[in-house]
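Please read the structure below before turning to the comments.
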Amino acid sequence: MIGYGTSMCCLSTIVDGYHRGYRFALVEDACAARAVRAHSEAAMHQYATLILERFARITRTAQEAPPSGPTGRLRHQQADPQQPQLPAQGRGP
């Protein structure tokens with residue numbers, strides 16, 4: 001997952017999806033967070049990423065992009081037999 005709002009959108013989507021059986025990879029250098037009161041943008045991003053380590057594989061763009069350059073597709077990750085799998089149509093139970 002990439003996008004703005006590591007501590008908002010990414011956090012809520014990944015945690016909720018995890019509990020519904022989805023698997024995620026958070027591309028942490030392709031996300032950002034907003035500053036909140038005394039916490040800087042970088043600190044908020046770091047805190048959210050630390051929380052998300054329990055729910056997603058944390059990665060960086062350099063690990064996901066093919067050596068020839070970005071193609072817009074992330075590396076496919078093989079399913080973990082311990083994780084619940086969703087039906088083929090991609091919908092929850």
Side-chain angles (χ1 to χ4, degrees):
M1 170 172 255
I2 60 174
Y4 187 75
T6 312
S7 59
M8 299 173 300
C9 302
C10 296
L11 183 68
S12 62
T13 300
I14 290 173
V15 172
D16 186 57
Y18 174 87
H19 291 294
R20 294 171 188 259
Y22 289 92
R23 299 183 48 164
F24 293 92
L26 177 74
V27 184
E28 68 102 15
D29 62 331
C31 300
R34 293 183 63 184
V36 177
R37 296 186 193 118
H39 303 289
S40 69
E41 293 168 352
M44 291 300 295
H45 178 68
Q46 182 181 16
Y47 298 147
T49 301
L50 288 171
I51 292 167
L52 287 169
E53 285 177 347
R54 295 180 154 271
F55 303 98
R57 180 174 57 89
I58 307 300
T59 187
R60 297 185 62 79
T61 53
Q63 294 172 289
E64 299 300 322
S68 61
T71 62
R73 302 187 81 187
L74 294 178
R75 178 174 54 87
H76 176 71
Q77 184 178 1
Q78 201 136 11
D80 180 355
Q82 300 295 328
Q83 285 288 78
Q85 300 298 308
L86 293 176
Q89 69 269 25
R91 296 175 188 238

Ser40 meets the side-chain contact (heavy atoms from CB on, under 4.5 Å) criterion, sequence neighbours left out, with Ala42, Ala43
Residues Met44 and Arg34: closest non-hydrogen pair is CG-O, 3.4 Å
Smallest heavy-atom separation, Asp29 atom then Arg60 atom, equals OD1-CA, 3.3 Å
Is Arg23 close to Arg57 at the side-chain level, that is, under 4.5 Å between some pair of heavy atoms?
no
Taking side chain as C-beta onward, heavy atoms only, is Tyr18 less than 4.5 Å from Arg54?
no
Requested in this report: Determine whether Leu11 and Leu26 fall in the same hydrophobic cluster, where Ile, Leu, Val, Met, Phe, Trp and Tyr are linked whenever their side-chain heavy atoms lie under 4.5 Å apart.
Outcome: yes
Taking only distance into account, with no hydrogens and no angle test, what donor-acceptor pairs under 3.5 Å do side-chain atoms of residues 45-52 form with protein atoms, sequence neighbours excluded?
unit_1: His45; atom_1: ND1; unit_2: Thr6; atom_2: OG1; d: 2.9
unit_1: His45; atom_1: NE2; unit_2: Glu28; atom_2: O; d: 2.9
unit_1: His45; atom_1: NE2; unit_2: Glu28; atom_2: OE1; d: 3.4
unit_1: Thr49; atom_1: OG1; unit_2: His45; atom_2: O; d: 2.8

Value for OH (Tyr22) from CG (Asp16), rounded to nearest 0.5 Å, stands at 10.0 Å
Closest non-hydrogen contact found for Phe24 with Thr13 is CZ-O, 3.9 Å
